[in-house]
Amino acid sequence: MALGFAGVTRVGPGLIPFMALGVLFVVVYNLELMGGRLHGNFWFALSWGAFPVLTAYFAQTGRISPGAIAAAAAAYALSYGQRALSTPARTLRRKSRSVAGVVTLDDGSRVDLSESVLLRPLELALRSFSWGVIAIALGLLLSRLL
């Protein structure tokens, strides 16, 4: 909030709604207020993905552009995907006692299910997301510098 108030002196009062929403998102999401209704994938992606992009853009420019909206949509999608992958992975790691089962394929072969078999694609996708975001940031930086 202190940074926000300092920003208001440079950007103007248009930053105040972003500050208010930011406080609301942090408090309501983290404390799971309102019966946890704002603690799902949609609200996570909105408050921790799209909203910070729009806030940062507005703080830098004093306006919202179509490009900022597109970037916020990308941040929303990445955050939603990350949450959709990390929630079942976290459940497997922290809350499951055991995993048992078999997948029988069309050709009759069988794949034994285990915690590691179920976690492998989730963790690979999450790792790919993290490296992809770094690559996007690096690409944007280099496009501005070179």
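By convention here, the first residue in the shown sequence is residue 1.
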| query | So R110 and L105, side chain to side chain contact (heavy atoms under 4.5 Å, CB included) or not? Walk me through it. | reply | CA-CA 6 Å; R110 297 164 50 105; L105 303 177; over 6 Å; no
| query | Ring centroid separation for F44 and Y80, is it under 6.0 angstrom? | reply | no
| message | Can you confirm whether or not the ring centre of F51 sits under 6.0 Å from the ring centre of F25? | response |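 Yes, they do, as the ring centres are separated by less than 6.0 Å.
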| task | Apply the test side chain to side chain contact (heavy atoms under 4.5 Å, CB included) to residues V102 and L113: give CA-CA distance (whole Å), side-chain angles for both, the deciding distance (0.1 Å), then the verdict. | result | CA-CA 5 Å; V102 174; L113 296 179; 6.0 Å; no
| field | Co-membership, hydrophobic cluster, residues Y76 and L140, 4.5 Å side-chain | value |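 Looking at the clustering, L140 is in a separate group from Y76.
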| Exam field: side chain T9 to backbone A6, donor-acceptor pair closer than 3.5 Å |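 Answer holds: yes.
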| Do the side chain of S96 and the main chain of S98 share a donor and acceptor less than 3.5 angstrom apart? |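 Not a single qualifying donor-acceptor pair exists.
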| query | Checking side chain to side chain contact (heavy atoms under 4.5 Å, CB included) for the pair L15/R10: CA distance, chi angles, key distance, verdict? | reply | CA-CA 10 Å; L15 193 56; R10 291 177 174 247; over 6 Å; no
How about [atom1] on [X], more than 12 heavy atoms from neighbouring residues, nucleotides or ligands closer than 6.0 Å, or not?
X	atom1	value
L3	CG	no
E115	CD	yes
D107	CG	yes

| Could you walk me through whether D112 and V117 pass the side chain to side chain contact (heavy atoms under 4.5 Å, CB included) check? | CA-CA 8 Å; D112 292 323; V117 166; over 6 Å; no
| task | Name all pairs fulfilling the side chain to side chain donor-acceptor pair (under 3.5 Å) condition that reach into residues 121-130, sequence neighbours left out, sorted by first residue then second. | result |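 Qualifying pairs, neighbours excluded: R93-E123.
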| query | What distance do L85 atom CG and L119 atom CG have between them, rounded to the nearest 0.5 Å? | reply |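 Reported to 0.5 Å precision, the distance equals 11.5 Å.
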